[in-house]
Q: 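Please see the structure below; I have some questions.
None of these values were measured; they are calculated from a predicted model.
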Amino acid sequence: MTADPQAATKTGYDGETLASLTADATAIMARYPDPRSGLLPMLHLVQSVDGYVSRDGILFCAEMLGITAAEVSAVATFYTQYKRHPNGTYTVGVCTNTLCAVMGGDAIFDELSDHLGVGHDETTDDGAITLERIECNAACDYAPVVMVNWEFFDNQTPETATALADQLRLGDDVVPTRGAASVCSFKQMSRVLAGFPDGRADEGTGAGEPTLAGLKIARERGWTAPEAPPAGGSAEGAAAGQTSPPVGTPGSSAERKPATSSDTQTGKDKKPGEDAK
């Protein structure tokens, strides 16, 4: 980009917005040996401004990285966290993967869909909520789980989930089960995903009782994990002071000279007359 952010740009951003985006994108690119590696966080950056990955956002990323708009679009349409149409203030994601589904995730989604009048990846008329079916949230110990802009709301039911949605639409403050003490907007969360911390990383509880139950039992019973063998070796070799199996013995990955007829005979995968290798 030139010194004047508006010079030679094909985007429709105003000068102030373009200057701010350019400064942030430059900071993102500086994190990587190859600036092109910054495309993923840069897409979150433009999403934090527009509320989705817009045409202007795609053109901006392409201009900053010196790649084509088609290349940017190929990435933006691959990952579901990048929205190609305006998103609601809150993304309400209902996990319907295996465990959450068994525990009631599908029932929660269906109830929310009926209550809000929208389906998957659709937004309520007031622009408050975009509803999504999402894959595993890595919180199976709290199933079924609903997330609001990627903040956890654990052990949900159809009733608690609809009450949560109503609070969000009214503009009430809601408190996640774990993690941050509040829920920010979709645009604000997109900026965090772009790599610009909002100061909330250390808020709240990270791991609750169900997550730590196994660790607690292990400590009470004195259980410990077995020691890992040294790289390239085995537990038996480590006990004998040997760091790796001798060449040609089981477990060895080193090359060895053919020692038996089975090492040199023509196998089923070789053509007649072809030397064994």
Q: Under the 3.5 angstrom rule, does the side chain of T17 hit a backbone N or O of D14 as a donor-acceptor pair?
A: no
Q: Looking only at side-chain N and O atoms, does E63 offer a donor or acceptor that is under 3.5 Å from a partner on T9?
A: yes
Q: Hey, are the side chains of M29 and M42 touching, using non-hydrogen atoms and a 4.5 Å cut-off?
A: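 Yes; the side chains approach each other to less than 4.5 Å.
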Q: Would one find more than 12 heavy atoms of other residues, nucleotides or ligands at under 6.0 Å from atom CZ of R84?
A: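 Counting neighbours around CZ of R84, more than 12 heavy atoms of other residues, nucleotides or ligands fall under 6.0 Å, so yes.
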Q: Tell me whether R178 contacts the main-chain N or O of A207 through its side chain, where contact means a donor paired with an acceptor under 3.5 Å.
A: no
Q: Taking side chain as C-beta onward, heavy atoms only, is C61 less than 4.5 Å from L39?
A: yes
Q: Is there side-chain contact between K10 and F60, with at least one heavy-atom pair below 4.5 Å?
A: no
Q: Could you state the interatomic distance from CD1 (I28) to NE2 (H44), rounded to the nearest 0.5 Å?
A: 10.0 Å
Q: D121 and E132: which non-hydrogen atoms are nearest, and at how many Å?
A: OD1-OE2, 3.9 Å
Q: In terms of heavy-atom contacts, does CD of E220 have more than 12 from other residues, nucleotides or ligands at under 6.0 Å?
A: yes
Q: Are side-chain N/O atoms of S37 and D34 paired as donor and acceptor at under 3.5 Å?
A: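 No, no side-chain donor-acceptor pair sits under 3.5 Å.
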Q: Look up atom OH in Y52 and atom OG in S190, then write down how far apart they are to the nearest 0.5 Å.
A: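 Taking OH in Y52 and OG in S190, the distance rounds to 13.5 Å.
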Q: Could you give the distance from CD (E135) to OG1 (T98), rounded to the nearest 0.5 Å?
A: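 E135 CD to T98 OG1: 8.5 Å, rounded to 0.5 Å.
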Q: At what distance, to the nearest 0.5 angstrom, does CE of M64 lie from OG1 of T11?
A: 11.0 Å
Q: Tell me, do N137 and Y142 make a side-chain contact under 4.5 Å, heavy atoms counted?
A: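 Answer no - side chains too far apart.
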Q: With distance as the sole test, does D126 use its side chain to make a donor-acceptor pair with the main-chain N or O of A128 at under 3.5 Å?
A: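 Answer holds: yes.
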Q: If you measure from OG1 on T123 to NE2 on H85, what distance do you get to the nearest 0.5 Å?
A: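 Here the interatomic distance stands at 6.5 Å.
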Q: Does any part of the side chain of R133, heavy atoms only, come nearer than 4.5 Å to the side chain of D106, both counted from C-beta?
A: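 Of all side-chain heavy-atom pairs linking R133 with D106, at least one is under 4.5 Å.
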Q: Taking all non-hydrogen atoms of both residues, which atom of A181 and which atom of P176 are closest, and how far apart?
A: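 The answer is C-CD, 3.9 Å.
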Q: May I ask you to check whether over 12 heavy atoms, not counting those of D172, lie within 6.0 Å of atom CG?
A: yes
Q: Ignoring hydrogens and geometry, is there a side-chain-to-backbone donor-acceptor pair from R55 to G12 under 3.5 Å?
A: no
Q: By the rule that ILVMFWY residues connect when side-chain heavy atoms come within less than 4.5 angstrom, directly or transitively, which residues belong alongside F153?
A: Y90, V92, V94, I108, F109, L112, L116, V118, I129, L131, V146, V148, L164, L168, V174, V183
Q: Can you tell if the side chain of Q47 reaches within under 4.5 Å of the side chain of L43, non-hydrogen atoms only?
A: no
Q: Could you see if L18 belongs to whatever hydrophobic cluster contains L45? Use Ile, Leu, Val, Met, Phe, Trp, Tyr and a side-chain cutoff under 4.5 Å.
A: yes
Q: Quick check for you: to the nearest 0.5 Å, what is the distance between F152 atom CZ and T177 atom OG1?
A: 9.5 Å
Q: Does any N or O in the side chain of Y13 come within less than 3.5 Å of the main-chain N or O of A19, such that one atom is a donor and the other an acceptor?
A: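 Answer holds: no.
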Q: Check whether any side-chain heavy atom of W150 sits under 4.5 Å from a side-chain heavy atom of V192, and report yes or no.
A: no
Q: Please name the pair of heavy atoms, one in Y32 and one in P41, separated by the smallest distance, quoted to 0.1 Å.
A: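 Looking at all heavy atoms of both residues, the shortest contact is OH-CG, 3.6 Å.
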Q: Could you tell me which non-hydrogen atom of S113 sits nearest to which non-hydrogen atom of G119, and how far apart they are?
A: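 Smallest interatomic distance, heavy atoms only, reads OG-CA, 3.9 Å.
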Q: Do Q188 and D198 come within less than 4.5 Å of each other through their side chains, counting heavy atoms only?
A: no
